[in-house]
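We number each residue from 1, following the sequence as shown. Computed from a predicted structure; not experimentally measured.
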Amino acid sequence: MPSRCAICCEILIAVLIPPLAVCLRYGCCSVEFFIALVLTILGYFPGVIYALCVIVYVNRDTYFDESRLPLYSPIYS
C-alpha cells in the first residue's frame with residue numbers, strides 16, 4: 001500500500017501531467033497508460049479525470065501481477 005505522501009504526489013502529477021502519473025503507477029506499456037494518453041490528447045480534462053480515477057479508486061495490489069511490473073520495479077534491479 002503506498003503511503004499518503006506518495007498518493008498526494010501522484011495526484012499532483014495526475015493534475016499536471018495525467019499520462020505521467022498513470023505511467024508511474026502502471027508502467028509505460030500498459031493499457032491504462034495508453035487510455036490516459038489518448039484522453040489527454042483528445043482533451044486535457046478527460047485525461048485528468050481518468051488519471052485521478054485510476055490512481056485513487058483502483059486498488060494497485062488487486063490488479064498488479066508479475067507480468068505487468070514496471071521497469072523501475074525492484075525485481076529488475
Hphob cluster co-occupancy, V38 + I49, side-chain heavy atoms under 4.5 angstrom: no
V31 reachable from I41 in the ILVMFWY side-chain graph, under 4.5 Å edges: yes
Contact check, side chains of Y26 and V54, non-hydrogen atoms, under 4.5 Å: yes
Of C23, P19, C28, the residue whose pairing with L37 passes side-chain contact (heavy atoms from CB on, under 4.5 Å): P19
In one Ile/Leu/Val/Met/Phe/Trp/Tyr side-chain cluster, 4.5 Å: Y57, I11: yes
Value rounded to 0.5 Å, distance of CG in L52 from CD in E10: 11.0 Å
Nearest-0.5 Å distance that lies between atom CZ in F45 and atom OG1 in T40: 11.5 Å
Considering all heavy atoms, the nearest A14-A51 contact: CB-CB, 3.9 Å
pair E32-Y50: side-chain heavy atoms closer than 4.5 Å: yes
Interatomic spacing from CD1 in I55 to SG in C8 - rounded to 0.5 Å: 11.0 Å
